[in-house]
Asker: 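The following block contains the structure, expressed as structure tokens.
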Amino acid sequence: MNITESSIQMLQQQRLLLQLEYQSEKEAYRQQTEHIGIGRKVKRGDAWWPLRFMRSYYNSLNQLAVEVSRTVDTDIEHNFEFGRPVVFFTFDAEQATTNKKDNSIQYFRFTGTVSYVDGDRMVVIVPDKTPVIDLQSADNLGVQLSFDETSYRLMMDALDRAIRGKGRLGYLRDLFYSKSMKAETFTFQPMHFPYLNATQEQAVNGVLWAKDVAIVHGPPGTGKTTTLVEAIRETLMRENQVLVCAQSNMAVDWISEKLVDRGINVLRIGNPTRVNDKMLSFTYERRFEAHPDYPQLWALRKAIRELRSHRRRGDERYHQKLESLKSRATELEIRINSELFGEARVIACTLVGSANRLLDGQKFGTLFIDEAAQALEAACWIPMRRVSRVVLAGDHCQLPPTVKSIAALKAGLGKTLMERIVETHPEAVTLLKIQYRMNDEIMRFSSNYFYHGQVESAPEVRFRGILDLDTPMEWIDTSEFSEISDSSENTEDSPLSFKEEFVGESYGRINKNEAQLTLHVLQHYFERISKQRLLDERIDVGIISPYRAQVQFLRRLLAKREFFKPFRRQISVNTVDGFQGQERDVIVISLVRSNEEGQIGFLRDLRRMNVAITRARMKVIILGDRTTLTRHPFYRQLWKYITQLKNNNDDEENITDGIDDHLCNDHDDGTAVQ
């Protein structure tokens, strides 16, 4: 079997696995729609209900837009973002309680697409002939996420195109799947960048030398974005325009903002996740509206809509007038697009967004894919047809792409294009080796376990800390507290259970007493630092749990606890995925799992733990049942590492000192350990 046949066969296997994932997710969505109540969907962040209808209008791209806002549960984080499909519905809560068949939810027969979300306000693009008056007059209106057929269709099409690919696309396909083919490079003297460290400089030069492919492997805190921005800037010295993509809107926003800060003209296709003036200023829609010819185009579009709505029978000149107006509008639109794309040096969008009709016919020399290790391989092939070479940046030792089908995951769907190229062409990879975020003792474990000890700490962060003689990493073993009783809840002394609970497929696991203990530990640490210093130095904290149910429970506890009120802006609670790309002075991790069988579920995905630990600048506090977790070799090694750190600092005050008193006696916020 030759190289081409082998690569085509492997891509065909990818397509079969993607089809399996598609069927699995579609079935899961069907079951959720049929069996999960509106309340659960709202709590999961997959629905807003009830809604207030605000207005409908045509946007600058001549799309019919509907603006709505949610009126309750506004503190719940949601999963709505640009490009995601949604459906509107009405829900009769009274009928739901009396009708066992539950016909209380009525869905509207059209699908919309989120244009943008800003706080509690959302704009949805709907089909042109949508009965907006029905939405406006509907009682108990709601909106929920719909199954995303479009993304799967685009990924399937991209794989089909790669399978059939000739010329440059076929060459890249064969190269990525073959160890015998060598990635070609240019030959010239390396450039010097005095504001980059040695490995960052090497990575930028690697990008400039690459004819086919280059990979920037950036472990946590190593300045991957800084390096990528510099590589893009230097590439633009040699090319007129580049395409920059990422898996998520948030990642596209982040790299776009950094490029704009460097004075590079970015045209963002799609609306940003963070809606502010700076982000909006480089979006296609805002630039389109700001063009001097736009008022004339708007007037023509308005005239077309009015002509259609007031058409008279027997009007022989109707078609002639309509075609004349449409022709002038199309000419203007093409002129505006040509100018906007002609001025831009960087076109930025998500991988799926690169299939936007605005990019039809566009070709680029170089494609940069940021956070490439979080993207399914099929998604990376979507923009590949437009380019000659590819630069991937990310870290395959951090968060993987989301795959819901266990069978597809085991068969290899979770293996990313970046991982594949790292294996087949290690010569194209540059590892960034100096990190600027963490205390050295936090970084050392991650470096040794995931990066063969190659990552070093920059001198300025090596010894950073909050308290003198503080151990940067600690593990609070919840099994040590199993005999503590809570007299405020029980008339008789009884042991507290730190065992996990299962709360359904969609939520996973929860450990309520561990959540209580998490806040007690954090309060105790805050007391050691002092309130004034926390506020003056704006010391920020991230509370992380792998399980959504635990995250939501922790948020509720935090909101009730009086002690933390002055620090609300400095504390955030989220899942591991929610903290990707972020950092905090202190990270507290609630691992949740505690059972007799030693089952740890998807905590076996060690890349998530790598992300969780490496969000911290100065302090990591882990809470978990040692006897359950250390049956796995990774957690056993982590426990030994942290124990050794603690033993090396014998004079340090044990963080668990005084926690017993908190657990039993401190209920000034009205909450108690359950």
Asker: Under the salt bridge (charged side-chain N to carboxylate O under 4.0 Å, His left out) criterion, do Lys41 and Asp46 qualify, and how do the steps go?
Answerer: CA-CA 5 Å; Lys41 288 178 186 174; Asp46 293 338; over 6 Å; no
Asker: Let me confirm one number: the CZ-CG distance from Arg161 to Leu11, rounded to the nearest 0.5 Å.
Answerer: 12.5 Å
Asker: Could Lys278 and Asp261 be called an ion pair, given the rule that one side-chain N must be under 4.0 Å from one carboxylate O?
Answerer: yes
Asker: Under a 4.0 Å threshold between the charged nitrogen and the carboxylate oxygen, would Glu377 count as salt-bridged to Lys415?
Answerer: no
Asker: Check Pro50 against Thr71 and note the closest heavy-atom contact, atom names and distance.
Answerer: O-OG1, 3.3 Å
Asker: Classify the ring geometry of Phe88 against Phe110: parallel below 30°, tilted from 30° to 60°, perpendicular beyond 60°.
Answerer: tilted
Asker: Determine, for Lys224 against Glu371, whether the closest basic-nitrogen to carboxylate-oxygen distance falls under 4.0 angstrom.
Answerer: yes
Asker: Does the side chain of Tyr29 come under 3.5 Å of the side chain of Asp148 through a donor N or O and an acceptor N or O?
Answerer: no
Asker: Determine, stepwise, if the pair Lys404 / Glu27 fulfils salt bridge (charged side-chain N to carboxylate O under 4.0 Å, His left out).
Answerer: CA-CA 11 Å; Lys404 295 183 178 177; Glu27 176 61 20; over 6 Å; no
Asker: Counting heavy atoms not belonging to Arg109, are there more than 12 under 6.0 Å from its CZ?
Answerer: no
Asker: Go through the side-chain N and O atoms of Thr4 and Asp174 and say whether any donor and acceptor fall under 3.5 Å apart.
Answerer: yes
Asker: State, without any angle test, whether Arg84 and Asn249 hold a side-chain donor-acceptor pair at a distance under 3.5 Å.
Answerer: no
Asker: With no hydrogens and no angle check, do the side chains of Ser248 and Gln374 hold a donor and an acceptor under 3.5 Å apart?
Answerer: no
Asker: Where is the tightest heavy-atom contact between Leu154 and Ala355, given as atom of each residue plus distance?
Answerer: CD2-CB, 3.7 Å
Asker: Verify side-chain contact (heavy atoms from CB on, under 4.5 Å) between Lys302 and Tyr58, making sure each step is shown before the conclusion.
Answerer: CA-CA 9 Å; Lys302 185 178 180 183; Tyr58 281 90; over 6 Å; no
Asker: Side-chain donor-acceptor pair under 3.5 Å between Tyr22 and Glu149, yes or no?
Answerer: yes
Asker: Kindly assign one of parallel, tilted or perpendicular to the pair Trp49 and Phe91, based on the angle between their ring planes and the thresholds 30° and 60°.
Answerer: perpendicular
